[in-house]
Each structure stands twice: as structure tokens, then as C-alpha cells.
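Reckoned from all heavy atoms, side chains included, excluding hydrogens, waters and symmetry mates.
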Amino acid sequence: MTTMSTHAAPHEGERPAPGLRPRATMRDVAALAGVGIKTVSRVVNGEPGVAPATAERVSRAAQELSFQVDMVAGNLRRTGRRTRSIGLVLASVDNPFAAAIHRAVEDVAEARGVAVFSASTDEHPDRERALVEAFTSRRVDGLILTSTGVDQRYLLRELEAGTPIVAIDRPAVGIDVDTVVADNVEGARHAVEHLVGSGHRRIAFMGDLATIATAVQRLEGFRQAMAGADIPVDESLVVEDLHDEESAFKAAMELLMRSVRPTAIFASQNLITIGVFRALRTLGVHHSIALVGFDDFSLADLLDPPVTVVAQDPFAIGRAAAERLFGRMTDGAFPPQRIVVPTRLVVRGSGEIRPPVARGNG
């Protein structure tokens, strides 16, 4: 799958590997703007004493070179260009899945004496870029990123400068980097095949934001399972763009109050599963309509009925991503790899509820 190799940041005392483009310095900006280094320093630090026209010229040069203020330059000179820190950008640390990834990355980093700076994008592409810029301006030694935007080519300069980057949970778009993901299509297909095996044909899909790669993959797994069982998909039962418990609750209530409602629901994200279960309980149909969720969650096994889930292993995903990142720091010559962590179906009870028996004539 590799078309481009990335490289690790230089070891202490080493120069950047051949072919890498070093980050722009104040000297580069000064040369392009035709001013002295002290003038550049005054402009980028917001100090007075620079003519507006000159300041504008310096700003244009800095922007053209993608120059970032080195906020830890003194420390870097003392430690041979290593900050012993990495950046971790997740969708939302509020989500138990992301929190488990965070913990796994921290465990791997702590064993190496490396600090982890982490933040949430809340699924906003602009926030993703702002967070990445904040981390790289502090010269983190590497990045682990859950992509939110549909284009991560803005990271090309960081890759060229030797910053290792690992995409986690979702692939990065437009760049070729190490990627650690769950098998979303396969996991979703198994979930729906399980419901079909219990006799269900009218199965609803309740999905996350349609802009999220994992949501798209899980919908694909749903459709594959239905097609494999020769069951037409009722598009009125496919609900997308749910991202939290409350939106899932409202959507599930609307589905369940129809005159002809689904006999089973596949909820493609843990917070959505919680919202759906709450709707089932509210209407008193939690023992008559089957439910399988994607992602396990705390206390799922203690509900009534216990919730059947397709369980990911966020700790394994986080560990694999962190180990891949540190491996690339040590030796960046190997090509990027895609690591797929398998899922498993955890049967507990809610997914084994059978549909009502159709009444016949005898």
C-alpha cells in the first residue's frame, strides 16, 4: 500500500536524514523578506519598533515558508532536538473508547519517559488543524491523530521535516502514514448477520456522522450483511448523523413509534447504543426488540437485558499506534503500514431477542 516512505526525527546529535526538508527558521524568513533576523524576531513575537510595511513583508514570508515560532528552542538546543513529548489528537476524550486509547498511549509513552499532550477535535476539522499546529509549534517528537477533516495534506510539511505521524481509528486522507484501525466493515457485518440469524429482516441502522470514515465503513458492513442474506434494505430505517446519546434517543423514539417499526436495531457507536437502549426502555420494548451495538461500554453487561455488542479493543489500538510511533522515531526507513485490529461479537442477551412470530391461518 506504500507509495511514500516517511522518516523519523533525527537522533540526538544527528543531522536530518537526506531528502528531508527542515522546518523554516527565522534566518529563512529573514532572507526571503530581505530583513535582519532581529526584525523577524520582533515581528513574530509582537514587539514594537517595526514599520508596518516591513512587518507585512515578514508576515508574508513566514506564511509562505509555513514558519512556526519555536516555543521550546532553548530546550531543544540542550537536548539535541528532542522534546521527549508526543501529541495525541482524538475525536473526544469524553468518549470511553477514546479515553481507553488515551490511556494505552500514555502507558507506552510513560515507559519511555515521554510526556503525552492530548486534546479533542470534537469532530471539527478547523480545530484539528489548530491542535496539530499547537503541538507542532511546541516541537513534539511525533503525532498520533484521529482525523476529522477530509484532507490531511496540510501535514505534508511536517512529514518532510521528519515528524513521525500515526493515524489512529480512522485513516488520514491525502498522506501515506502508519495507520491503526479496527475492522469496522467486518465487525458490522457480523453484528447484522447475528440479527439475521435470529430471524430478523426488518433491521434498522443507526449511525454516526456520515462524514466519519468509521461510520461509513459500518454502514457498508450493514449493507453487505443484508445483501448477503438477500434482504432488501428499507432506507427509511437507515438513520445517520447521530453523534451522541440524546440525538440517538430522539431518532430511536421516532422509529419505534411508527405503525410498522423495526424488529431489531444495529447501533453503530457506543453513545448511540446507550441512547437507543434508553428509548427501548422508555417505551417498554427492550425485551421485544433486539439490539446490537458497535463498541462496548461500561455496565452494558448489567443492563436488563444485557447488551450484545461488537467489541473493539481500544487498548490494543492505542498500544499499537504508540509502539508504531516510537518505532518510527528509532528507524524511519520502513514504509508505512496499515494495522487492522480485529473485533469480536460479545453475546449477552439483547441481540438474541427473536422477532414476533407472524400469525398464520392455522
Please list all pairs passing the salt bridge (charged side-chain N to carboxylate O under 4.0 Å, His left out) test where one or both residues lie in [range], with sequence neighbours left out.
| range | result |
| --- | --- |
| residues 187-196 | E186-R189, R189-E193 |
| residues 199-211 | R202-D234 |
| residues 107-124 | R103-D107, E123-R170 |
| residues 258-282 | E245-R278, E246-R278, E254-R258 |

Inter-residue atom distance [X].[atom1] - [Y].[atom2], 0.5 Å rounding:
| X | Y | atom1 | atom2 | result |
| --- | --- | --- | --- | --- |
| E160 | L155 | CD | CG | 11.0 Å |
| I317 | I144 | CD1 | CD1 | 12.0 Å |
| L131 | H124 | CG | NE2 | 11.0 Å |
| S350 | H287 | OG | NE2 | 10.5 Å |
| D176 | I165 | CG | CD1 | 11.5 Å |

Polar side-chain atom of [X] near backbone of [Y] as donor-acceptor pair, under 3.5 Å:
| X | Y | value |
| --- | --- | --- |
| R57 | A33 | yes |
| T54 | V50 | no |
| T179 | A167 | no |
| R328 | F334 | yes |
| T163 | A161 | no |
| T136 | R139 | no |

inquiry  = Between V238 and L219, is the side chain to side chain contact (heavy atoms under 4.5 Å, CB included) condition met? List the steps.
reply    = CA-CA 9 Å; V238 176; L219 178 55; 4.0 Å; yes
Which heavy atom of [X] sits nearest a heavy atom of [Y], and at what distance?
| X | Y | value |
| --- | --- | --- |
| R218 | S268 | NH1-O, 2.7 Å |
| A91 | T146 | N-CB, 4.1 Å |
| V310 | A191 | CG2-CB, 3.5 Å |
| D178 | Q337 | OD1-N, 2.8 Å |
| V116 | A109 | CG2-CB, 3.5 Å |
| P171 | S147 | O-OG, 3.0 Å |

Identify whether [X] and [Y] are in the same connected component of the hydrophobic contact network (ILVMFWY, side-chain heavy atoms under 4.5 Å).
| X | Y | value |
| --- | --- | --- |
| V192 | I353 | no |
| L159 | V173 | no |
| F135 | L156 | yes |
| L291 | M257 | yes |

Is there a side-chain contact between [X] and [Y] in this structure, where contact means two heavy atoms from C-beta onward sitting under 4.5 Å apart?
| X | Y | result |
| --- | --- | --- |
| D183 | V341 | no |
| T83 | R138 | no |
| F294 | N184 | yes |
| M26 | S41 | yes |
| L271 | H243 | no |
| L90 | V93 | yes |
| I168 | I101 | yes |
| Y154 | E128 | yes |

inquiry  = I'd like to know whether D296 forms a side chain to side chain donor-acceptor pair (under 3.5 Å) with N270, so could you lay out the CA-CA distance, the side-chain angles of the two residues, the decisive distance to 0.1 Å, and finally the verdict.
reply    = CA-CA 6 Å; D296 207 352; N270 53 4; over 6 Å; no
key: side chain to side chain donor-acceptor pair (under 3.5 Å) partners of E323, counting only residues at least two apart   =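 Once residues adjacent in sequence are excluded, E323 has no partner under the side chain to side chain donor-acceptor pair (under 3.5 Å) criterion.
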ask   = In chain order, what residues pass the side chain to side chain donor-acceptor pair (under 3.5 Å) check against T121, with sequence neighbours excluded?
value =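 Once residues adjacent in sequence are excluded, the partners of T121 under the side chain to side chain donor-acceptor pair (under 3.5 Å) criterion are T148.
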key: Matching residue for Q312 among D295, T214, T343 - test: side chain to side chain donor-acceptor pair (under 3.5 Å)   =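 The option that passes is D295.
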key: side chain to side chain donor-acceptor pair (under 3.5 Å), paired with E220, selected from Q224, Q217, R223   =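 The passing option is Q224.
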message = Show, in sequence, the C-alpha distance, side-chain angles and deciding distance for V35 and V58, and conclude whether the side chain to side chain contact (heavy atoms under 4.5 Å, CB included) test is met.
response = CA-CA 8 Å; V35 299; V58 170; 3.8 Å; yes
Over 12 foreign heavy atoms within 6.0 Å of CG, D304 =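 Yes, CG of D304 has more than 12 neighbouring heavy atoms, counting only those of other groups under 6.0 Å.
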Flag if over 12 foreign heavy atoms under 6.0 Å of CD, Q63 =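 Count not over threshold, so no.
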ask   = Is the closest basic N to carboxylate O distance between E56 and R60 below 4.0 Å?
value =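 Salt bridge between E56 and R60, a charged N being under 4.0 Å from a carboxylate O: yes.
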key: Residues R348, D301: salt bridge by 4.0 Å N-O rule   =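 D301 and R348: not salt-bridged.
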ask   = Checking side chain to side chain contact (heavy atoms under 4.5 Å, CB included) for the pair V108/F326: CA distance, chi angles, key distance, verdict?
value = CA-CA 9 Å; V108 174; F326 285 110; 3.9 Å; yes
query = Between D244 and S247, is any side-chain donor less than 3.5 angstrom from a side-chain acceptor?
reply =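 Note: D244 and S247 side chains meet the donor-acceptor criterion.
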In the hydrophobic cluster built from side-chain contacts under 4.5 Å, what are the other members alongside [X]?
| X | answer |
| --- | --- |
| V181 | V340 |
| L302 | L299 |
| I212 | L209 |
| V185 | none |

ask   = Between D141 and V114, does a side chain to side chain contact (heavy atoms under 4.5 Å, CB included) hold up when you go through it step by step?
value = CA-CA 9 Å; D141 297 327; V114 173; 5.5 Å; no
task = Quick one: list whatever passes ring-ring contact (aromatic ring centres under 6.0 Å, His included) with F205, sequence neighbours left out.
result =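 By the ring-ring contact (aromatic ring centres under 6.0 Å, His included) rule, F205 matches F222, F266.
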key: Name of the residue among L256, V292, I203 meeting side-chain contact (heavy atoms from CB on, under 4.5 Å) with I265   =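 It is L256, the one option of L256, V292, I203 that forms the side-chain contact (heavy atoms from CB on, under 4.5 Å) with I265.
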inquiry  = Restricting to salt bridge (Lys or Arg N to Asp or Glu O under 4.0 Å), what partner residues turn up for E352, sequence neighbours left out?
reply    =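 By the salt bridge (Lys or Arg N to Asp or Glu O under 4.0 Å) rule, E352 matches no residue at all.
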